[in-house]
There are 2 protein chains.
Amino acid sequence: MASLTEENYLKSIHSLMEKSSSAPVTTNDLSAAMKIKAASVTDMLKKLSAKKLIHYKKYQGVLLTHTGKLLAISIIRKHRLWELFLTEKLKFSWDQVHEMAEELEHVSSQQLIERLDAFLGHPKFDPHGDPIPDHNGKMADYKFFNLSSLTINEKGKVATVIEQQPSFLKHLNKLNIKVGTTIKVLDRVDFDKSLTISVGSSSLFSISNEIAKNILVSK
Amino acid sequence: MASLTEENYLKSIHSLMEKSSSAPVTTNDLSAAMKIKAASVTDMLKKLSAKKLIHYKKYQGVLLTHTGKLLAISIIRKHRLWELFLTEKLKFSWDQVHEMAEELEHVSSQQLIERLDAFLGHPKFDPHGDPIPDHNGKMADYKFFNLSSLTINEKGKVATVIEQQPSFLKHLNKLNIKVGTTIKVLDRVDFDKSLTISVGSSSLFSISNEIAKNILVSK
DNA sequence: ATATTTTTTTAGGTTACTCTAAATTTATTT
DNA sequence: AAATAAATTTAGAGTAACCTAAAAAAATAT
Ligand SMILES: [Mn+2]
Ligand SMILES: [Mn+2]
Ligand SMILES: [Mn+2]
Ligand SMILES: [Mn+2]
């Protein structure tokens with residue numbers, strides 16, 4: 001139905017819509033996110049519009065149609081299930097799996113993905129703490145708190161990370177921070193909002209606000 | 001390095017070379033096998049030749065170069081490992097896995113395939129009894145016997161099937177014949193070479209020579 | 001309300017892969 | 001050894017997905 005390229009556009013539009021709380025996504029946003037020139041993006045928007053996967057009016061940005069959204073979510077489902085397969089079964093670490101999942105998510109068999117889901121025990125979250133949509137597209141919708149917003153002596157359990165570049169994830173590995181880790185905020189420096197935290201039951205160190213802002217916790 | 005399309009051509013050339021015991025593969029052979037018009041095949045042959053993946057002289061057919069052969073075998077390795085994953089872990093039957101593996105074999109990560117190999121326990125054969133090349137391209141090379149060539153009262157263990165269309169595999173499912181099954185030839189009709197066989201320890205029935213010719217056994 | 005800047009679209013091209021129709025080469029028959 | 005048939009290549013074209021440069025529209029600043 002949709003080509004690999006079209007699938008990538010839909011996924012990108014979906015993720016930009018989430019970041020902008022469903023406001024129209026602009027051509028330039030897509031161009032920047034996908035590293036494809038704006039003129040090329042315009043071409044593809046016309047095509048996706050003709051296929052009724054997006055709502056598109058010249059100069060007005062785009063929104064996913066119902067069909068487009070379902071398709072986007074089904075690709076995200078595949079991406080996250082494959083990521084979990086790679087960490088759980090093949091023992092890759094969370095900083096290695098994204099790129100491979102970018103390819104695996106385009107494997108078309110619906111049956112394959114349902115079997116994979118069962119094989120993994122119908123998981124609810126991927127290795128980065130992102131929710132895995134079920135086969136109807138529904139996904140867990142918890143509200144998490146930014147680590148940087150916790151008060152002194154407050155504890156949180158790492159739920160998700162916002163920034164997911166391998167370099168950031170590898171840094172968290174060094175700090176022993178992963179999904180599920182309990183973090184307690186012990187102190188905050190007024191000047192730069194850096195935090196002194198304890199991780200798990202052992203170590204105690206300081207992290208910048210830049211890092212804290214990219215970690216979401218449940219209380 | 002090589003595109004999905006190029007990979008499919010190399011795989012096709014490899015399999016035709018095996019069938020013709022390494023004689024040059026013709027443009028028309030490829031055209032028929034890949035269901036792509038001969039003119040298009042010629043275009044691609046020029047391209048693969050420029051990349052030194054095949055030996056190609058106008059009108060003279062093609063052979064894989066050393067590099068081309070290594071690449072073809074690495075794709076076959078991926079194909080067969082994914083097929084085994086699908087049967088062993090996701091519980092698909094041998095008649096369902098080929099199509100999915102046709103897509104999965106193009107996922108590029110070398111690391112992924114090495115981990116998958118380990119996860120499956122470094123298997124030697126795929127669900128159809130075909131040998132899985134190891135990471136250096138070496139594969140088991142047993143000599144098997146055609147079921148149709150067994151003498152009366154001779155036994156064999158099913159090792160591979162030649163024809164691998166889903167329809168044929170499903171028929172074998174019905175007959176309870178799979179890789180590993182022991183078959184004993186009890187009688188042969190002179191007129192049409194059809195065989196009366198016993199399968200495993202139970203059933204006893206007749207199969208046509210057409211079917212027998214597509215089953216290879218070890219003695 | 002104009003002028004300037006920024007964003008987006010259009011116009012015209014390129015590459016990868018496919019096609020049909022015509023030309024050429026090789027193989028087979030007579 | 002021609003003549004005919006079959007296989008292969010060339011020529012010309014189309015679609016998908018990209019690009020740069022120029023034009024047009026929208027947003028911002030004066
Ligand atoms: Mn990812
Ligand atoms: Mn993820
Ligand atoms: Mn197969
Ligand atoms: Mn196989």
Side-chain angles (χ1 to χ4, degrees), chain A residues 1-14 16-17 19-20 23-64 68 71-72 75 102-103 105-108, chain B residues 1-14 16-17 19-20 23-64 68 71-72 75 102-103 105-108:
Chain A
M1 200 73 252
S3 71
L4 180 148
T5 308
E6 288 166 351
E7 289 187 350
N8 284 333
Y9 272 90
L10 292 176
K11 213 163 49 115
S12 227
I13 294 166
H14 180 86
L16 291 169
M17 276 176 71
K19 277 177 202 153
S20 64
V25 172
T26 68
T27 301
N28 261 6
D29 286 350
L30 274 167
S31 172
M34 304 187 72
K35 289 170 184 158
I36 289 172
K37 291 289 171 294
S40 309
V41 171
T42 299
D43 281 353
M44 181 55 83
L45 294 183
K46 285 181 193 161
K47 197 180 179 189
L48 293 174
S49 183
K51 289 192 174 187
K52 308 226 187 268
L53 295 169
I54 59 173
H55 295 291
Y56 172 60
K57 286 257 170 55
K58 266 194 200 180
Y59 298 101
Q60 304 306 298
V62 291
L63 293 172
L64 291 172
L71 229 169
I75 300 154
E102 280 299 318
E103 294 184 46
E105 72 191 2
H106 302 291
V107 173
S108 63
Chain B
M1 200 74 247
S3 71
L4 182 148
T5 308
E6 289 166 351
E7 290 187 349
N8 284 333
Y9 273 90
L10 291 176
K11 213 164 47 113
S12 229
I13 294 166
H14 179 87
L16 290 169
M17 275 176 72
K19 276 176 204 152
S20 64
V25 172
T26 68
T27 302
N28 261 6
D29 287 349
L30 274 168
S31 173
M34 304 187 72
K35 288 169 186 160
I36 289 172
K37 292 290 172 290
S40 309
V41 171
T42 298
D43 279 355
M44 181 56 82
L45 294 184
K46 286 180 194 163
K47 197 179 178 191
L48 292 174
S49 183
K51 289 192 172 187
K52 309 225 186 266
L53 296 169
I54 59 173
H55 294 293
Y56 171 59
K57 287 255 169 55
K58 268 194 199 181
Y59 299 101
Q60 305 306 301
V62 290
L63 293 172
L64 291 174
L71 229 168
I75 301 154
E102 281 298 318
E103 294 184 46
E105 72 191 0
H106 301 291
V107 173
S108 61

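Numbered from 1 within each chain, the chains take letters A, B, ... in sequence-line order.
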For this session: Scan B:Thr42 against the nucleic acid and name what it touches under 4.0 Å (heavy atoms): base, sugar-phosphate only, or nothing.
Result: base
For this session: Establish, with yes or no, whether the OP1 or OP2 oxygen of C:dA16 is under 4.0 angstrom from a side-chain nitrogen or oxygen of B:Tyr9.
Result: no
For this session: Could you check A:Glu102 against A:Asn8 for side chain to side chain contact (heavy atoms under 4.5 Å, CB included), going step by step and ending with a plain yes or no?
Result: CA-CA 9 Å; A:Glu102 280 299 318; A:Asn8 284 333; 4.1 Å; yes
[X] [atom1] to [Y] [atom2] distance, which is reported to the nearest 0.5 Å:
X	Y	atom1	atom2	result
B:Glu103	A:Glu103	CD	CD	12.5 Å
A:Met34	A:Ser31	CE	OG	10.0 Å
A:Met1	A:Glu6	CE	CD	8.5 Å

For [X] and [N], give me the distance from atom [atom1] to atom [atom2], rounded to whole Å.
X	N	atom1	atom2	value
B:Glu6	C:dA16	CD	P	9 Å
B:Lys46	D:dA11	NZ	C1'	10 Å
B:Leu4	C:dA16	CG	C1'	12 Å
B:Leu45	D:dT9	CG	C1'	11 Å
B:Lys37	D:dG14	NZ	P	18 Å
B:Asp43	C:dT15	CG	P	15 Å
B:Lys51	C:dT15	NZ	C1'	12 Å
B:Ile36	D:dT8	CD1	P	15 Å

Seminar exercise, completed: Result for 5'-nearest mapping on DNA chain D, choosing between A:Ala39 and B:Val41, is B:Val41
Problem set entry | Evaluation steps, side chain to side chain contact (heavy atoms under 4.5 Å, CB included), between B:Val62 and B:Leu48 | CA-CA 10 Å; B:Val62 290; B:Leu48 292 174; over 6 Å; no
Problem set entry | Members of residues 54-62 of chain B that approach DNA chain C, where some heavy atom sits under 4.0 Å away | B:Tyr59
For this session: Strictly below 4.0 Å, heavy-atom distances to any atom of DNA chain C: list the hits from residues 25-35 of chain A, or just say none.
Result: A:Thr26, A:Thr27, A:Asn28
Exercise. Can you list the steps and then say if A:Lys11 with A:Glu105 is a side chain to side chain contact (heavy atoms under 4.5 Å, CB included)?
Worked result: CA-CA 11 Å; A:Lys11 213 163 49 115; A:Glu105 72 191 2; 2.9 Å; yes
Problem set entry | B:Leu16 backbone acceptor or donor facing B:Ser20 side chain under 3.5 Å | yes
Exercise. Does the pair A:Leu53 and A:Ile13 meet the rule for a side chain to side chain contact (heavy atoms under 4.5 Å, CB included), with working shown?
Worked result: CA-CA 11 Å; A:Leu53 295 169; A:Ile13 294 166; over 6 Å; no
Would you mind writing out the side-chain donor-acceptor pairs for residues 35-43 of chain B within the sub-3.5 Å range, not counting sequence neighbours?
unit_1	atom_1	unit_2	atom_2	d
B:Thr42	OG1	B:Ala38	O	3.2

Seminar exercise, completed: Looking only at C:dT10, C:dC19, D:dC18, the nucleotide nearest the B:Ser40 side chain is C:dC19
